[in-house]
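Naming convention: chains lettered A, B, ... in sequence-line order (proteins, then strands); numbering from 1 in each chain.
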There are 2 protein chains.
Amino acid sequence: MSGALKDAIRVERPAKTLRELALDKVREAIVNGYFRPGDRLVERDLCAQLGVSRTVVREVLRHLESEGLVANLPNKGPIVAQLDIDEAKQIYEIRGALEGMAARLCAERRSPEIVAALEESLAGIRNSYRDNDMAAVLTNTSSFYHTLFTMVDRNVAWGVVNLLTVRINHLRSMTIKTERRSIEGPLQMSKIVDAIRRGDGEGAYRAAMDHVAAASAIAEAVLSAKKPAD
Amino acid sequence: MSGALKDAIRVERPAKTLRELALDKVREAIVNGYFRPGDRLVERDLCAQLGVSRTVVREVLRHLESEGLVANLPNKGPIVAQLDIDEAKQIYEIRGALEGMAARLCAERRSPEIVAALEESLAGIRNSYRDNDMAAVLTNTSSFYHTLFTMVDRNVAWGVVNLLTVRINHLRSMTIKTERRSIEGPLQMSKIVDAIRRGDGEGAYRAAMDHVAAASAIAEAVLSAKKPAD
DNA sequence: CTACAGTATCTGGTACGCCATAATACGATT
DNA sequence: AATCGTATTATGGCGTACCAGATACTGTAG
């Protein structure tokens, strides 16, 4: 029997361990600001809030630590990682390099399916902006880049980008709210798609780089404006 | 009293938690092949071998899982991650993009210190090859790239590269043993340094890309040659 | 009002126990 | 003898209790 067939009749099981559920909860809590940068994450408090044991909480904290979302002060314990401006810029820079690479690969493949998938995500972004649904903007933007990477089978790079992106997630939600971003963001992304459509690898690379460079610039402005107030 | 002075008399403490020690041990055991890909990592056995409690072992396993060195089969438990050839190629590709980026930045900075530091590492590599000390070759190669990234303050990218590199570590130790690598490897790296010295960003970028591309090609050859035998 | 001692808090780490599941071995039935 | 059902074992997932060491807080005595 073929493997595919065997998979087809396989019974779907929840399969999520308690740990994974807790991990998702805490990560989410951090990225949408329920826990603020610098906040202490007291193990036993988390146990109570999540309704799980310390064993689970500790594993979750270790995991988030290796994701860079949580920092561990010696003899003090875990806190939500602070994002300094330089680190944010570095993350944007890396994303630029990797997304540019993926965009170039997409362009070189010249596949109509890629273009169609990207345009669908892009339309989703435009709609979300129109509806003022910022959460949906983020989701659709993620999906845009997700297709960009997975269409050319670059799941490892996508993993890296994802890993880095959660660390700047609250920045992202600030940059997309910027006035001009609702017009320029989709415009830059459509330039990426256009270059891919005409098979212009170099153009796609540069367009992708430009897009994150713009995001980086906005983030820097936002971050340095917030710093003195905070 | 100034902070610096206070630091100066501060007593140096191990500061490494047991968990970190265990983490290093297990990671090392995996990367130099004491645990082979596909091996099961039985928690209670590891407890005995490491002399630590299950809690610590579990946290270590979670950490390694998020590093990609360990995979978790549902209802089966953790095993040493298998490295498939496609994933390895992706990792080399990402390294190319990031190391190329760093090399370009180094070239654009035109700093003699960078060139000096790189040449020192390069000399170390040449010596290690001459002495047939392959472990030293790996260490010095790492140090070469470490300076490449840190000299232009790209510690995040360096972290990413490092994270990915451990996953292909046993491949690295195979590629550097290849006959021609002992000549071509340092040659390609010296091309990077040359380009940096003359401030040729584009050249440095391409030279860095070429170097990992060559490594990737060797790795692919090695890996596909080993597959049928295994 | 300050210095010091005691106390509460919290993490790092350990030990142990319970449960669920998967695999295997074993035994009974046809 | 083949098959089916059951008991056992191995193992991970999870919880609880406990201790040691570091730190932060607090109240009291001088």
> Could you walk me through whether Leu69(B) and Val26(B) pass the side-chain contact (heavy atoms from CB on, under 4.5 Å) check?
Replying inline: CA-CA 10 Å; Leu69(B) 274 181; Val26(B) 178; over 6 Å; no
>> Between Ser143(A) and Thr139(A) (side chain of the first, backbone of the second, donor and acceptor by atom type, cut-off under 3.5 Å), is there such a pair?
In response: no
>> Tell me whether Thr141(B) contacts the main-chain N or O of Val137(B) through its side chain, where contact means a donor paired with an acceptor under 3.5 Å.
In response: yes
>> For Tyr145(B) and Thr165(B): C-alpha separation, side-chain torsions, deciding distance, then whether side-chain contact (heavy atoms from CB on, under 4.5 Å) applies.
In response: CA-CA 11 Å; Tyr145(B) 283 112; Thr165(B) 300; over 6 Å; no
>> Run Glu67(B) and Arg27(B) through side-chain contact (heavy atoms from CB on, under 4.5 Å) and show every step you take.
In response: CA-CA 10 Å; Glu67(B) 279 184 17; Arg27(B) 183 173 24 225; 2.4 Å; yes
> Listed by chain and number, what are the side chain to side chain contact (heavy atoms under 4.5 Å, CB included) partners of Arg154(B), not counting sequence neighbours?
Replying inline: Gln90(A), Glu93(A), Met101(B), Leu105(B), Phe149(B), Val152(B), Ala157(B)
Listed pairs, N/O of protein and of nucleotides 11-14 of chain D, under 3.5 Å:
residue	atom	partner	partner atom	Å
dG12(D)	OP1	Leu41(B)	O	3.4
dG12(D)	OP1	Glu43(B)	N	3.3
dG12(D)	OP2	Glu43(B)	N	3.3
dG12(D)	N7	Arg44(B)	NH1	2.7
dG13(D)	N7	Arg54(B)	NH2	3.0
dC14(D)	OP1	Leu18(A)	N	2.5
dC14(D)	N4	Arg54(B)	NH1	3.4

>> Would the distance check show the side chain of Glu28(A) and the main-chain N or O of Lys25(A) forming a donor-acceptor pair, the cut-off being under 3.5 Å?
In response: no
Sub-3.5 Å pairs of nitrogen or oxygen atoms, protein against nucleotides 6-8 of chain C:
none

